[in-house]
Amino acid sequence: MSVTLQSAPFDPGQLLSRFSVGRDETGAIASFTGLARAERGQTTALELEAYEGFTDAEIAKAVNAAIHRFGLQDAVVVHRIGAIAPGEAIVFVATAAPHRRAAFEACDHLMDWLKSRAPFWKKEHGPDGARWIEPTDRDRTDAGRWDTPFDTPASQAAQDDDK
Amino acid sequence: MSVTLQSAPFDPGQLLSRFSVGRDETGAIASFTGLARAERGQTTALELEAYEGFTDAEIAKAVNAAIHRFGLQDAVVVHRIGAIAPGEAIVFVATAAPHRRAAFEACDHLMDWLKSRAPFWKKEHGPDGARWIEPTDRDRTDAGRWDTPFDTPASQAAQDDDK
Amino acid sequence: MAKVLLFGRFADVAGWREKTIEAATLADLRTALSADPHLAEALAGPSVQVAVDKALVRADIALTAASEVAFLPPMSGG
Amino acid sequence: MAKVLLFGRFADVAGWREKTIEAATLADLRTALSADPHLAEALAGPSVQVAVDKALVRADIALTAASEVAFLPPMSGG
């Protein structure tokens, strides 16, 4: 299992190559790559802020929970921080499992969690200036699909208390 | 869109690298890599037979249907044929969409289709000899998740007639 | 007359993968193949599909010298 | 006394990201930060979280010179 925050661009394919070698008992690897969209010129750059030592630890907790919940053999998350240009990868998630259902569901789940509950702060730069972004309702609904009575993340519980 | 059947081993990461460059308006790339499992020595090799010109055409039909159904920007399928050693990739599917739900669902759907309805014949070689494999009940159930009244593939309809 | 292709376990059962066989129709071809009782039994199984010139067919069909007829066992998926 | 970190729009509002501030408790620290009314308003918003030494806290807590207190706006996700 590994979680990396990095400001340098990365090639998702290189990460998948590294993740997929030497797996004699892994039947299934699902991966997801999130890319920055240009939005037809409306977004010139994305800026992601993390709290290093906190953000990576929270992601690692979520990844370990997913490994346990879905019976994964391994998982990796690489997340960009800082300024990201359109077309560049923002996030890469890969999951390894004996069978494909677990690999897909864990990858989907981790992305929903990362998009709505991971401790990042996101600024969109466009022709009219910059603005801070919060999760969309769709992001919250997607993440909510995975909630169980046993599974309310600490950060979510704290948020609910504040409301 | 591209569909490739090939007998040479491939690196899924290299395919993902190629698929993910120059995508300014793609927010999401989902990928799946199926690997041959050693099954703790029970499987020494997998042998996949295709009907070239038919198998690739059927896959292309399924990919085009998925592009339409899920609103994909692009999709790629690479499938091994011939003898495949444990740890080697059998299949790679990648889907590109503006948002992640469509990319995930299309990739998941295509894999279910490939695992249960694609025209391949699979032989497993083990210490006790070789045997031909047919789709598992789980494969059929997984593929059935995606059926709609408008969406009974020709090959499936033909199978049902024969039963 | 047609080029006949056998896939998967059909080729194992018959001991050949490709053969040119004299037959005016698909029904005639099936009759000719029935000379091998093991192959006849395999081809009569459930979920067997037949493709003529790479298109699945369910009814009888006329064959020409250029026809390619493929007998497809239940597909295993990839 | 504590090292205070502001994230996201809080840093934009305050005009700083990191500062050492004299405070014996988290409540004292909040009072000290309220000297800036814009920051006070931002910190009072919904879904604001506070981490002391990289762990989220909800109650008041004593601070030492080594404490690191982070004010976290609603997280946007990655």
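Remember, it's a predicted structure, so these values are computed and weren't measured experimentally.
- Around the CZ atom of B:R40, the shell of radius 6.0 Å holds no more than 12 heavy atoms that belong to other residues, nucleotides or ligands.
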As a quick check of understanding, evaluate side-chain contact (heavy atoms from CB on, under 4.5 Å) for B:F120 and C:M75, giving each step before the final call. CA-CA 5 Å; B:F120 289 102; C:M75 296 159 178; over 6 Å; no
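- Summarising the geometry, atom CG belonging to C:D12 is positioned 5.5 Å from atom CH2 belonging to B:W132; distances are rounded to the nearest 0.5 Å.
- Counting heavy-atom neighbours within 6.0 Å of C:E41 CD, excluding the residue itself, gives a total of 12 or less.
- Distance check, rounded to the nearest 0.5 Å: CD of B:E124 to OG of C:S76 gives 10.0 Å.
- For the atom pair CD of B:E49 and CG of C:L6, the computed distance is 9.5 Å after rounding to the nearest 0.5 Å.
- Of the possible polar contacts, one joining the B:K115 side chain to the C:G78 backbone as a donor-acceptor pair under 3.5 Å is found.
- When the candidates B:G53, B:G34, B:A57 are compared by the number of heavy-atom contacts under 4.5 Å with chain C, B:G53 comes out ahead.
- Of all heavy-atom pairs spanning C:A70 and B:Y51, the tightest one is CB-CE2, 3.3 Å.
- Both the backbone and the side chain of B:K122 come within contact range of chain C, each with at least one heavy atom under 4.5 Å from a heavy atom of that chain.
- To the nearest 0.5 Å, atom CZ of residue B:F54 and atom CG of residue C:L56 are 4.0 Å apart.
- Between B:I133 atom CD1 and C:R9 atom CZ the span is 12.0 Å, to the nearest 0.5 Å.
- Looking at B:L114, only its backbone comes within 4.5 Å of chain C, counting heavy atoms on both sides.
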